[in-house]
Amino acid sequence: MFKRFRDRRLDEETRARYRETLIMKEDLIWPVFIVEGASKTIAIPSMPGVYRYSLDTLLPKLEEYISLGLTSILLFGVPEQKGIEQAYAGDGLVQTAVRAIKQSFPSLEVITDVCLCSYTEDGHCHIGDNDSTCELLARIAVSHAQAGVDIVAPSDMMDGRVHYIKKALLDENFNKTKILSYSAKYASSFYGPFREAADCVPKNGDRKTYQMDICNVQEAMEEISADIEEGADQIMVKPALAYLDIIYRAKQSFKAPIVAYNVSGEYAMLNSAVQNGVLAPDVIWESMIAIKRAGADRIVSYHVPYLLEKL
């Protein structure tokens with residue numbers, strides 16, 4: 001007698017009973033771009049449906065999505081003028097936003113990107129020297145912690161940055177501030193729309209000297225291991241869809257929570273296919289399931305508003 005697997009697929013209620021991979025609202029992290037000024041909701045042409053917000057327009061949007069189940073955001077600051085000092089200023093764009101967001105929504109988890117690329121004149125994530133950059137990143141992380149952030153997320157891919165940040169946080173008695181490290185961030189072609197949104201297109205060269213070679217797997221495991229040893233509480237794999245094997249390997253190899261970043265190019269690609277009628281909207285859900293099934297504990301995605309509605 002053969003097994004009748006189709007009995008598990010008779011209807012949606014039956015399929016749900018046998019479903020192995022689930023996404024919860026708590027698994028989702030919404031990436032947000034914050035800009036200076038007021039009354040701003042600025043569309044990003046390469047990412048239809050994604051916007052840059054001034055603080056006064058972001059707060060009502062957060063209230064709306066929190067009512068749908070949003071529990072976590074990843075905040076990116078996009079200043080009007082370049083200048084590294086803004087990145088760690090107490091009254092900086094990100095620091096001001098964090099204080100206002102936590103005051104309005106104390107239970108919302110706020111994660112801040114810790115990087116220099118939106119602040120440097122050349123659009124790169126460093127100031128030339130690895131260790132001097134790490135010192136600046138630690139200073140930025142402390143300023144975010146002082147503003148009340150829950151988690152700092154260094155995305156620069158400098159060697160030893162987690163060590164510098166962890167030491168600085170502990171020295172300033174921010175023992176509860178967690179570190180989500182972009183441990184396996186590849187030099188990917190999927191970042192184009194983000195660089196428009198964050199105003200961080202490199203003015204010269206590329207980022208292949210510090211972001212990971214797209215061909216490497218074992219090196220990613222070494223990077224993740226090093227960051228965990230230095231004090232990272234969670235690790236990031238970026239991008240997600242083209243690197244499901246990396247997510248899987250990381251999940252099998254490490255106990256730290258794995259966060260996957262479903263990046264701007266992946267969003268734009270699927271969104272375009274849906275908007276043009278090439279694919280059904282459920283392809284978005286299917287892609288998120290693939291990321292979760294590969295082993296991601298949490299997912300950063302510009303699709304979060306759609307996913308909250310679906311869930």
Side-chain angles (χ1 to χ4, degrees), residues 29 31-36 52 55 58 72-102 109-183 185 191 194-195 197-200 202 207 210-211 227 230-236 238 259 261 300:
I29 302 170
V32 178
F33 300 100
I34 187 83
V35 297
E36 298 170 83
R52 299 189 191 103
L55 184 57
L58 175 60
S72 183
I73 64 169
L74 173 56
L75 194 61
F76 296 91
V78 188
E80 288 185 1
Q81 302 294 327
K82 300 297 182 181
I84 293 174
E85 298 81 7
Q86 302 173 79
Y88 52 78
D91 60 352
L93 177 59
V94 171
Q95 292 82 351
T96 301
V98 169
R99 284 192 291 270
I101 293 168
K102 292 301 289 186
E109 180 184 68
V110 179
I111 308 169
T112 49
D113 181 68
V114 176
C115 197
L116 293 169
C117 58
S118 292
Y119 299 88
T120 55
E121 292 289 346
D122 62 6
H124 277 287
C125 305
H126 58 75
I127 55 172
D129 175 71
N130 184 95
D131 294 2
S132 296
T133 301
C134 289
E135 292 174 359
L136 275 177
L137 296 170
R139 190 170 181 180
I140 295 168
V142 168
S143 74
H144 291 183
Q146 290 169 337
V149 77
D150 299 292
I151 301 175
V152 292
S155 61
D156 54 283
M157 288 300 286
M158 296 298 108
D159 295 331
R161 75 277 175 70
V162 174
H163 166 78
Y164 278 83
I165 291 171
K166 187 70 171 182
K167 183 178 186 304
L169 290 173
L170 292 178
D171 286 347
E172 296 295 327
N173 295 316
F174 290 111
N175 300 11
K176 295 183 179 179
T177 306
K178 304 300 183 183
I179 300 174
L180 163 58
S181 180
Y182 287 63
S183 299
K185 181 178 179 179
Y191 302 149
F194 172 90
R195 291 174 181 174
D199 190 22
C200 63
R207 292 176 175 156
Y210 47 101
Q211 293 179 357
D227 282 359
E230 291 173 19
D233 300 284
Q234 304 174 38
I235 66 97
M236 181 93 80
K238 180 180 180 181
V259 182
Y261 200 140
V300 180

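Positions are given from 1 along the sequence.
The shortest distance between side-chain heavy atoms of Ser118 and Asp199 does not fall below 4.5 Å. Taking 4.5 Å as the limit, some side-chain heavy atom of Arg207 sits within range of a side-chain heavy atom of Cys117. Between Glu109 and Ile151 there is a side-chain heavy-atom pair separated by less than 4.5 Å. Side-chain atoms of His124 and Tyr210, non-hydrogen and from C-beta on, do get closer than 4.5 Å to each other. Residues Tyr182 and Asp113 form a side-chain contact, since some pair of their non-hydrogen atoms from C-beta on lies under 4.5 Å apart.
A donor-acceptor distance shorter than 3.5 angstrom exists from the side chain of Gln86 to the backbone of Gln81, with no hydrogens or angles considered. The closest donor-acceptor contact from the side chain of Arg195 to the backbone of Pro202 lies at 3.5 Å or more, if one exists at all. Side chain of Gln95 to backbone of Ala87: a donor-acceptor contact under 3.5 angstrom is found.
With values rounded to the nearest 0.5 angstrom, Tyr164 atom OH is found 3.5 Å from Asp131 atom CG. Distance CZ/Arg161 to CD/Glu135: 15.5 Å, rounded to 0.5 Å. Taken to the nearest 0.5 Å, the CD atom of Gln234 stands 5.5 Å off from the CG atom of Leu180. In this structure, Cys200 SG and Asp122 CG are separated by 11.0 Å, a value rounded to the nearest 0.5 Å. With rounding to the nearest 0.5 Å, the separation of CD1 in Ile179 from CG in Leu169 is 5.5 Å. To the nearest 0.5 Å, atoms CG (Asn130) and CE (Met157) are separated by 11.0 Å.
Closest non-hydrogen pair, Val94 versus Thr112, comes out as CG1-CG2, 3.7 Å. Shown here for Leu74 and Ala153, the closest heavy-atom pair between the two residues is CD1-CB, 4.4 Å. Considering every non-hydrogen atom in both Leu93 and Val78, the closest pair reads CD2-N, 3.5 Å. Scanning both residues, Ala232 and Val162, for their nearest heavy atoms gives N-CG1, 3.5 Å. Shown here for Asp156 and Cys125, the closest heavy-atom pair between the two residues is CB-O, 4.0 Å. Scanning all heavy atoms of the two residues, the minimum distance from Asp150 to Val110 falls at OD2-N, 2.8 Å.
Cation-pi geometry between Lys185 and Phe194 is not met: the NZ or CZ atom fails to fall both under 6.0 Å from the ring centre and inside 45° of the normal.
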Apply side-chain contact (heavy atoms from CB on, under 4.5 Å) to the pair Leu58 and Ile101, showing each step before the final yes or no.
CA-CA 9 Å; Leu58 175 60; Ile101 293 168; 4.0 Å; yes
Verdict with supporting geometry, Met236 and Val300, side-chain contact (heavy atoms from CB on, under 4.5 Å)
CA-CA 9 Å; Met236 181 93 80; Val300 180; 4.2 Å; yes
Could you go through Leu170 and Asn175, starting from their C-alpha distance and side-chain angles, then the distance that decides it, and tell me whether this counts as side-chain contact (heavy atoms from CB on, under 4.5 Å)?
CA-CA 6 Å; Leu170 292 178; Asn175 300 11; 3.8 Å; yes
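The number of heavy atoms from other shown groups lying within 6.0 Å of NZ (Lys167) does not exceed 12. For Arg99, the CZ atom is densely surrounded, since the number of other residues' heavy atoms within 6.0 Å is greater than 12.
Ring geometry for Phe76 versus Tyr261: interplanar angle of 30 to 60°, hence tilted.
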